[in-house]
Amino acid sequence: MTHIFSGASPAGTIDQVFVSAQSFLLSFLPQALVPWASILVRIGVIAALAPAIMMYLTWLERKIIARMQNRFGPDRVGIYGLMQPLSDGLKMLNKEDIVPNGADRLLHLLAPIMAVSPAILLFAVIPFGRNMAAVDLNVGLLYLLAVSSISSYAIFMGGWASRSKFSVLGAARTVAQIISYEVPGVLSVVTVIMITGTLSLVGIVEAQADRWFIATPWGFVGAVIFFLCGVAEVNRTPFDMPEAESELVGGFHTEYSGMKFALWYMAEFLETFAVCAFTTTLFLGGWQGPAVPFWTVTAVSAAMIVTALRLPIAAKAFGVAAMAALTLLFWKDPVPSWIWFLTKTYLLVFVMVWFRGTFPRLRVDQLMGFAWKFLLPLTLINIVAAGVWVWFAFPVGTLLSVTILIAGIWGLVRVNSPEPVSLRRFELAD
Amino acid sequence: MLLPVEELKTTLEQLLPGLTLTVENSVLVVPPAQLTGVARCLKDTERFRLDYLSNLAAIDYPPERIEVIYHLYSMAHKHGPVILKVKLPRENPTVESMVPVWRGAEFQEREAYDLYGVKFDGHPDLRRILMWDEFEGYPMRKDYKHEDQDALDGNPSGSAHA
Amino acid sequence: MSAENSVAPAESISRERSASSSGNDARLGQRTTPLGLGVIQGMLITLRQFTGTYPVGRWLLRLLRLDKGDGLVTISYPEVKQQHDERFRYFPFLVYDGTKDNLRCVACRICEQECPPQCIHIVMQKDEKGSPVKAHGRTLPKTFDIDVSICMSCRICVDVCPFDAIEMDNTYEHANYARGREMVMDKDRLLKSNEYFQKIKPSESAVVDARMGAKKAKEDAAAAAAAAPKPAAPGAPEAKV
Amino acid sequence: MATRQAPLMPESVLQSDVLEVNLGPQHPSTHGVFRMIASLDGETIVKLKPCFGYMHRNHEQIAEGITYIASFPYTDRLDYLCSMTNNFGLAVAIEKLGGIPISERGEYIRVIMAELTRLVNHTAVTGFLLNDMGAFGTPLLYAFREREKILDLFESASGSRMMCNYIRPGGVREDVTDAWLDRARGIVREYPRFLDEFEKLLRDNEIVRQRTQNVGVLPKDLAVSASITGPMLRATGVNYDIRKVDGYSIYPRFNFKVPLGSIGDVFDRYYVRVLEMRESLKILEQALKDIPKTSPHLSPKGQAMGKAPRTFKPAKGEAYGRIESPKGELGFFLVSDGTPRPYRYHVRAPSFINLTILEDMCLGHKVADAIVILGSVDIVLGEVDR
């Protein structure tokens, strides 16, 4: 019974295009060198992929938020502003790198580097498609949680090293926030480990072949909590207290400029992508997807190319021709696994940018209260619900876990909402 | 409703013995010493309840005096304005601060001190409010010598005109 | 998609619904959406504005009979310029009829005194003996400078000018690099023809031209009356105009 | 009478000294060059000293050197968000000083412009308040999108979007065309749709409520004693609106209500402003419906007051004219000595006086709250520093 949310589709040729390309490339080398060369190729791909992802994530965020505010967003540099990230990068390169006097120069330099490296390390474990994970660790999940907690050291180091009141305040807030959001983040993942029984990310994705975990009651709540904790760990709205522009001017990266500031920016956006990628992997079925024929993808992209106003005619013609060729080449193949993975991830990135375009910021103590008094107990209840869901058969298990979750949420809201100080009443007097 | 100024003067004099008030075109001129007494009386007696000091300003009449003028209204009875005026010598104008009576006078008294040099005794922290602290002189006084006085007198040495 | 289990607000639902003095006020300012969904409601509004900016999105919203939002409101400046109304005023300019030396200004300097920031500087045209030179029967300014970096285009000079010699322009692209010479507009940079004035401000210039026409008619009548009685009978009472 | 509370000394056992932070004068969310010297114990504010004067141009001394009419363009620069109501205030004061009659249609146009300015100001302030809370500009840009429509109306009536210099003693400088009135009716009809959407975006949002409720509570008697006026005062429940109390201009002809809050915290101020916008819309509908067509809009002498400002010499005397500007009571105190130039010209600026109790409201709150409280006080530095 292929469930709507699953899809063990047969591996088509386009699905394995990257894997076969790599093996074709390596076939020229002598046999002994092949394992080393494949590692080098993967490192090369990640080194090229990460900055590109980061640059076009900034472009995507500025365009989406602009459209939410009824305006265009960058459209001057290149068609549709596609060259904007490049111009930002160049601007950052030739900006003067100011280090406040009295700042600890070594730490001031080390902090952004230490912030970017874990963000890039995370890419090693992301399963982009069927057997397309750079490294298929059998403890992938553990690796993910360990590496993503290094960034709090880097941020505090950056804040402390720049010796300015604003950054010290920002740094102190960061450490408190990241630590208090890691606890519910990790606990929400425990349910996935419990159900699948493996720590390897590829194993988890394969376990979701017939049912994505988000389709289960505990998976839905777990996904929401993991996503929220991810947003908090990346310091994005509504949890962006450490770099709150309105009161701390820039939080921990107030005193950074030039390429160092670009590194902070890169770390934030790479971790945004990583959080969305891991939420997809753990709860949204990774690269699994129903057996949808490949020509739908090429048809949609051809339609978008044709209706694009600003593209010159030649580019439009070339694009449509390419799409037609792809359709003919891979007529009978289903949609490849890496396209499923990228669409789900970028949908989640849209949700994160959507948060940033809508919400104001939570105050520090409310932030902490939300993590410790609301999310943490909810994850424990979630674990119980997952246990019940596994133990009992289909109808009973689901019903029981849903009731446990609803009761838990209602109780927590009741506990967390204090008595109002005095009745708030508005009056229209004359 | 609030009674006209003459009756107000007579009732005030009955309420506060030893008070000499004069009325100049519907403004109550109060001797500086008895200002706080009059103010408290106007604010607390149920008939008036002038609990809202709307405006406090200083006016400079160069050779002889500086006046401080108070516009009082009542938010409770929604009537107003009672205008009090205090006449002070120009050399060292000092008057009792109204902050204990109306908290709203705090910034306006500091502005009068900053621009006119009127000292208010009992003001919580009488400092310059608009000018920087090291500024000497009181700029709004009529006899204040501006640095480039000619720019003020209108011949445009300051502007880019050749 | 994800019903966000958001933070619990400061007051819970049940205690708010107590009665209050006048009927409609009890509900004012209270929550209308259940707890936890206010955040979602906000997100739906931004999503609707987002889809409303795309043609496909607007078609979809119309299909679902939802409010289409405000679409794109930006004007991409250099290519598309914003249309200003007739009364839009920026720096002043001097009006001349026909040729540049037939300007209406008689250098009476009323506008110089009345200008709040004192940014108009006029020197009357005088010959070497110091008596004012007349052209077209009127005195005229030798130099008429407006320091554009000080002028705040408040239109008081136009209000006080008895000769309708100065009017407000609506060109706003005056950016340049120097604050000294460039920002002081001298007489010939300020002079613009009456046709230009009629082109940019039709109804306003119509009023001014009507007034000028009436004044000219009165002058011609007075001049004709003054010229006519001399040959007929000196001292005859002039016809009251 | 509530004396000022002594600053809270850090009583925590941990002997941490107080951190002095300068918020401003160049700071992303202080609405201009305003500086708060905050002493922090960790995150909580122990002492907060407002310090301003960075934008002090001494508008009052300039006004003493020029005629009454010539200081109208300067009043646009006082509270540069609502230039029409600043002109209105000075015009009311000059009319009281010189006893100038006002034309009927001029009164209606003035009320229309004042209420449109109230819409502009309250919309912009709500947008800024959300920006201070960290919303990445979306509510602010929705607010500015609507504000632009009204500023275009001002431009086509007075010639300039924000520096209108339009209202004169005796009436207004130029009449408004019928096409303008229809455009205004269209915008007033369209506005409630925006207000509903804006309220749906903000009022029930848990994060907004969490950040604004019981933050910066202002008790009623402290507000009255500190001469606080405008939406801040009415949010504490004191019913004092100068349009109702003085009944200046032709406001008694319109029926509208005065919204009052109860607790006087940031949420009450935000919501009182939203309700005030709805009341302004009611006034605008009535004013736009029965504006007289015939009577000349200028003073009965028939020529614009502006034509001969030097001949306007009011009799010797003093006058204090006050109006309900969107920020509070805006008053002009004029002393004339018979010459065309005022002898003394004092502006009672609502933002300046509403800052008196900023420290009382912020004590004990976090740094993030201080910025939100400052945003809810709604100050404009042009008016604070004059």
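Worth knowing before you read on, the calculation uses all heavy atoms, side chains too, and leaves out hydrogens, waters and symmetry mates. First the proteins, then the strands, lettered A, B, ... as listed; each starts at 1.
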Open item on the list: Need one label for L47(C): side chain, backbone, both or neither, based on atoms under 4.5 Å from any heavy atom in chain A.
Closed with: both
- [ ] Side chain from CB out, backbone as N, CA, C, O: work out which of these in T51(C) comes under 4.5 Å of a heavy atom of chain A, or both, or neither.
- [x]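 Neither part; nothing is under 4.5 Å.
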Open item on the list: With a sphere of 6.0 Å drawn around CD of Q83(C), does it hold more than 12 non-hydrogen atoms of other residues, nucleotides or ligands?
Closed with: no
- [ ] Evaluate whether atom NZ of K100(C) has more than 12 neighbouring non-hydrogen atoms of other residues, nucleotides or ligands under 6.0 angstrom away.
- [x] yes
- [ ] May I ask you to list the residues in residues 67-83 of chain A that approach chain C closer than 4.5 angstrom, counting heavy atoms only, ordered by number?
- [x] R67(A), M68(A), N70(A), R71(A), F72(A), R76(A)
Open item on the list: Please classify the contact of I65(A) with chain C as side chain, backbone, both or neither, using a heavy-atom distance under 4.5 Å.
Closed with: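 Neither part.
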Open item on the list: I'd like to know if the side chain of Q30(C) reaches the main chain of R425(A), judged simply by a donor and an acceptor atom lying under 3.5 Å from each other, with no hydrogens or angles considered.
Closed with: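 No: the side chain of Q30(C) does not pair with the backbone of R425(A).
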Could you pull out all donor-acceptor pairs under 3.5 Å where a side-chain atom in residues 151-158 of chain C meets a protein atom, sequence neighbours excluded?
{"from": "R155(C)", "atom 1": "NH1", "to": "D159(C)", "atom 2": "OD1", "distance (Å)": "2.8"}
{"from": "R155(C)", "atom 1": "NH2", "to": "E204(C)", "atom 2": "OE2", "distance (Å)": "3.0"}

- [ ] Mind jotting down which residue pairs meet the side chain to side chain donor-acceptor pair (under 3.5 Å) criterion with at least one end in residues 372-383 of chain A? Sequence neighbours excluded, please.
- [x] none
Cut-off 3.5 Å, no hydrogens considered: what does the side-chain donor-acceptor table look like for residues 276-285 of chain A, sequence neighbours left out?
{"from": "T279(A)", "atom 1": "OG1", "to": "V275(A)", "atom 2": "O", "distance (Å)": "2.6"}
{"from": "T280(A)", "atom 1": "OG1", "to": "C276(A)", "atom 2": "O", "distance (Å)": "2.6"}
{"from": "T281(A)", "atom 1": "OG1", "to": "A277(A)", "atom 2": "O", "distance (Å)": "2.6"}

TODO: Taking all heavy atoms of T46(C) and all of W354(A), pick out the closest pair and write down the distance.
DONE: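 That closest heavy-atom pairing would be OG1-NE1, 3.2 Å.
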